[in-house]
Amino acid sequence: MNAQNPNPTQAYAVSMLPAHKAEDLTQGGNLAHIELGEQLYTLRITRAGKLILTK
């Protein structure tokens, strides 16, 4: 199994997942809060274009 080249079954499963643009979540900035139950997480877009999710 190769994550870079999913087989047709994997590609179909991935296309069924909800997709969200990080830039939309941060409303054009580089930070967003994400709630999961009672927990609050911070999503950060780094200068290198990577994502960091912290509690």
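Note that the structure is a prediction, hence the values are computed from the model and not measured.
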Stepwise, does the side chain to side chain contact (heavy atoms under 4.5 Å, CB included) test hold for Y41 with L36?
-> CA-CA 8 Å; Y41 296 83; L36 177 61; 3.9 Å; yes
Test L31 against T26 for side chain to side chain contact (heavy atoms under 4.5 Å, CB included), laying out the working first.
-> CA-CA 5 Å; L31 292 171; T26 60; 5.5 Å; no
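Taken from NZ in K55 to OG1 in T42, the straight-line distance is 12.0 Å, to the nearest 0.5 Å. From L40, atom CG reaches atom CD of E35 across 6.0 Å, with rounding to the nearest 0.5 Å. Taking NE2 of H20 as the start and CD1 of I34 as the end, the distance is 9.5 Å to the nearest 0.5 Å.
At a threshold of 4.5 Å between non-hydrogen side-chain atoms, the residues L51 and I45 count as touching.
Residues passing the side-chain contact (heavy atoms from CB on, under 4.5 Å) test with A19: none are found, sequence neighbours excluded.
Taking every heavy atom of both residues into account, T46 and I52 meet most closely at CG2-CD1, 3.5 Å.
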